[in-house]
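What follows is one structure encoded as C-alpha cells, with my remarks underneath.
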Amino acid sequence: MKIECNGNDLCDAVGRVIKAVSVRSPNAVLEGIKLSAEDGTLTLSATDLELSIEHMIRAEIIEAGEAVVPGKLFGDFVKKLTSQNIVLSTIGSRLKIDYARSEGEFGCFPAEQFPVINKIDDTQHFEMKNSDLKDLVSKVAFSVCTDDAHPTLKGILLEINEGDVVAVALDGYRLAKCVKPIIATTAAVSIVVPVRAIMEISRLVADNDDVVTFYMHKNFLMVRIDATTITTRLIDGEFVNYRQIVPQHFDTHVYIPKALFEDAIDRAVLMARSEKNNYLVRFDISQTNMTVKSHSDAGNVEENLPVKTEGADISISFNARYFTDFLHCMDSEAIVLNLTNATSACVISPAGGVEEYIYLVLPVRSL
C-alpha cells in the first residue's frame, strides 16, 4: 500500500474511528485501526466487536492495499501532522509515514486478522431529525445503568412507532423517558442500543433539521453520517417493563421555576458532598414555599424557593446528584414535581405539557 493524503483529513478520520478501538483487549488486533486504500479513497476502520466505526477520506492511491496500525499510538502521532501532506506506505509488516522532510515507522498487526465489519443497508429503518436525536439522547442517556450485573439496562430502549420514538433509560434509582417525532419508519419495533454507541452517533450529527437514518437488521444497528459509518451490536434480552414502574396517580403536585430550583440544587450539592451523606438533600414543601436543606461536615445550606403546590404538604429526601443530571438538560421555564408520600417515587416533567418527557427518581431516607 502507498497513498498520499492531507494531514487534517487523516487526523479527523482517526479522531472519529478511535472511539471504537478496544482498550487492553486479549485480541491485540482490536487495539488497531485498519487502513484500506483503493479507488481514490482511504478508509479507516476500528471495532471492539460491539461498536464499529468507519470513515472515508480522499487520497491519492499510488498502490492499493491495507494495514492495521496501533490505534492510540498512530492517533497521537498524526495529531502533530495536521498541516502537512502525508505519504503512507507499507514495507513488509511495518507502515512508513513520510511528512515534510521527516519520516516515522509503525509496527503493524496482520490485516487478515482484523474482523469483518457488518454491512446492513437495505433493511428495516427509521428516520428522524438530527436535532431531535441529539435532544433525545441528552435527556435519557445519563440514566443508563453502569452495573455489569444488569447488561440489558446498559443501553437505551427505543420503541419505534408509526409517528414517534420513545426512548427510556433506567438504573434502578431513576428513570428517564423522552418522546420525539420521527419522519418515517418501515416497521414498529423495540430495540436496546448500547449507550456508548448512541452517544457517539449523537455526537457526530449536526444540531440541525437534516435527517439521520437508522438501519436495523437482526441484532445490529447502523447509521451513516456523511463519510462516517457507525455499526453497533444491539443488546439482547428483554428490557424492564417501565410502564409498571411509573406511577399514574399522585397526591401532591409542586410547580417550581426551573432556573431557581437548579441553582438551589447546585449549591446544595456543593454542601452535601460527602460519602457519609451521599449528596442527601431534603425538600420541605408547603403550599407556597419549598425549603431545600443539606448538610455535611463542611457546613449547611437552607434555601427557600417560591412554589405553587396542589395537594398536601410533604417532606421528602433525595440524592441531589440525580436532580442535577436532569435539570442540566431540561430547557423549560418551570417544572412540576408529582409526589405521593416520602417513600414513593417522584415523577418530574416540564410544566405546561410543553414536551413529552418525564424523569422518575426514588427518594432516600430523610435527614
Side-chain angles (χ1 to χ4, degrees), residues 1-119 194 196-197 199-201 203-204 220 222-233:
M1 178 185 80
K2 186 173 183 179
I3 67 104
E4 183 174 354
C5 65
N6 178 272
N8 278 317
D9 293 343
L10 183 62
C11 182
D12 177 65
V14 172
R16 289 171 181 260
V17 304
I18 202 166
K19 301 297 180 64
V21 168
S22 184
V23 179
R24 294 184 297 275
S25 171
N27 185 357
V29 75
L30 298 181
E31 298 178 17
I33 294 174
K34 184 177 181 180
L35 310 176
S36 303
E38 62 178 349
D39 300 330
T41 300
L42 177 67
T43 302
L44 290 83
S45 309
T47 182
D48 62 4
L49 301 182
E50 298 294 329
L51 174 68
S52 303
I53 304 178
E54 295 180 302
H55 185 78
M56 297 184 296
I57 62 173
R58 293 180 180 177
E60 180 185 350
I61 309 301
I62 302 167
E63 182 179 343
E66 55 188 22
V68 180
V69 294
K72 187 177 186 308
L73 178 61
F74 187 71
D76 290 342
F77 195 86
V78 299
K79 285 179 184 177
K80 312 296 183 182
L81 303 176
T82 55
S83 61
Q84 347 238 349
N85 264 10
I86 294 172
V87 175
L88 303 175
S89 55
T90 53
I91 305 173
S93 62
R94 304 185 74 80
L95 178 79
K96 182 182 177 185
I97 178 168
D98 291 287
Y99 51 96
R101 298 169 59 188
S102 304
E103 65 180 42
E105 200 171 86
F106 298 87
C108 296
F109 301 108
E112 65 273 10
Q113 294 181 10
F114 195 84
V116 176
I117 296 176
N118 288 282
K119 305 294 182 183
R196 175 175 162 227
M199 288 184 70
E200 188 60 24
I201 293 168
R203 186 184 72 82
L204 290 176
F220 287 94
M222 189 196 79
V223 175
R224 185 174 292 114
I225 304 164
D226 298 325
T228 303
T229 301
I230 300 176
T231 307
T232 182
R233 185 184 298 274

Side-chain heavy-atom pair [X], [Y] within 4.5 angstrom cut-off:
| X | Y | result |
| --- | --- | --- |
| Leu35 | Leu95 | yes |
| Ile230 | Leu204 | yes |
| Lys72 | Glu31 | no |

Discussion item. Could you check whether atom CD of Glu38 has more than 12 heavy atoms from other residues, nucleotides or ligands sitting under 6.0 Å from it?
Written reply: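 For Glu38, atom CD is not crowded (no more than 12 foreign heavy atoms under 6.0 Å).
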Practice prompt. Please indicate whether Asp226 has more than 12 foreign heavy atoms, meaning atoms of other residues, nucleotides or ligands, lying under 6.0 Å from its CG.
Written response: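 For Asp226, atom CG is not crowded (no more than 12 foreign heavy atoms under 6.0 Å).
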Item to complete: List for me each residue that meets salt bridge (Lys or Arg N to Asp or Glu O under 4.0 Å) alongside Glu200, sequence neighbours excluded, and say none if there are none.
Response: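 Once residues adjacent in sequence are excluded, the partners of Glu200 under the salt bridge (Lys or Arg N to Asp or Glu O under 4.0 Å) criterion are Lys19, Arg203.
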Worksheet entry | Residues which pass side-chain contact (heavy atoms from CB on, under 4.5 Å) with Met199, listed by chain and number, not counting sequence neighbours |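 Applying side-chain contact (heavy atoms from CB on, under 4.5 Å) to Met199 gives Val137, Ala141, Val195.
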[atom1] of [X] to [atom2] of [Y]: how many Å apart, nearest 0.5 Å?
| X | Y | atom1 | atom2 | value |
| --- | --- | --- | --- | --- |
| Leu42 | Asp9 | CG | CG | 10.0 Å |
| Cys11 | Leu81 | SG | CG | 8.5 Å |
| Leu44 | Ser36 | CG | OG | 8.5 Å |
| Leu51 | Thr232 | CG | OG1 | 5.5 Å |
| Ser45 | Met56 | OG | CE | 10.0 Å |
| Cys108 | Met1 | SG | CE | 7.5 Å |

Of the non-hydrogen atoms in [X] and [Y], which two are nearest, and what is the gap between them?
| X | Y | answer |
| --- | --- | --- |
| Ile117 | Ala46 | CD1-O, 4.4 Å |
| Pro110 | Val68 | O-CG2, 4.5 Å |
| Cys5 | Arg58 | CB-O, 4.1 Å |
| Phe220 | Thr231 | CD2-CG2, 4.2 Å |
| Ile57 | Ala13 | CG2-CB, 3.9 Å |

Using modelled atom types and a 3.5 Å cut-off, is there a donor and acceptor pairing between side-chain atoms of [X] and backbone atoms of [Y]?
| X | Y | result |
| --- | --- | --- |
| Asp48 | Glu50 | yes |
| Thr90 | Gly92 | no |
| Ser22 | Leu30 | no |

Discussion item. Within the 3.5 Å criterion, strictly below it, is a donor on Ser52 or Thr47 matched to an acceptor on the partner's side chain?
Written reply: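 There is such a pair (donor and acceptor under 3.5 Å, judged by atom type) between the side chains of Ser52 and Thr47.
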Discussion item. Taking side chain to side chain contact (heavy atoms under 4.5 Å, CB included) as the criterion, tell me which of Gln84, Glu4, Glu103, Lys2 meets it with Asp98.
Written reply: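 Between Asp98 and the candidates, side chain to side chain contact (heavy atoms under 4.5 Å, CB included) is satisfied uniquely by Glu103.
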Fill in: Partner of Asn85 under side chain to side chain contact (heavy atoms under 4.5 Å, CB included), chosen from Leu10, Asn6, Asn8
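Checked Leu10, Asn6, Asn8 against Asn85; only one passes side chain to side chain contact (heavy atoms under 4.5 Å, CB included): Asn6.
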Discussion item. For a side-chain contact (heavy atoms from CB on, under 4.5 Å) check, start with the C-alpha distance between Ile201 and Ile225, then their side-chain angles and the critical distance, and finish with the verdict.
Written reply: CA-CA 8 Å; Ile201 293 168; Ile225 304 164; 4.1 Å; yes
Practice prompt. Could you please spell out the steps behind the side-chain contact (heavy atoms from CB on, under 4.5 Å) verdict for Ile97 and Ile86?
Written response: CA-CA 7 Å; Ile97 178 168; Ile86 294 172; 3.6 Å; yes
Worksheet item: Got a salt bridge between Lys96 and Glu105, using NZ or NE/NH1/NH2 to carboxylate O under 4.0 Å?
Response: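 No salt bridge links Lys96 with Glu105.
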Practice prompt. Step by step, work out the salt bridge (Lys or Arg N to Asp or Glu O under 4.0 Å) result for Glu54 and Arg224.
Written response: CA-CA 9 Å; Glu54 295 180 302; Arg224 185 174 292 114; over 6 Å; no
Practice prompt. Could you note down all residue pairs passing ring-ring contact (aromatic ring centres under 6.0 Å, His included) where residues 21-76 supplies at least one of them, sequence neighbours left out?
Written response: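 Passing the test, one end in residues 21-76: Phe74-Phe106.
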Worksheet entry | From CA spacing to verdict: side-chain contact (heavy atoms from CB on, under 4.5 Å), Val21, Ile33 | CA-CA 7 Å; Val21 168; Ile33 294 174; 3.8 Å; yes
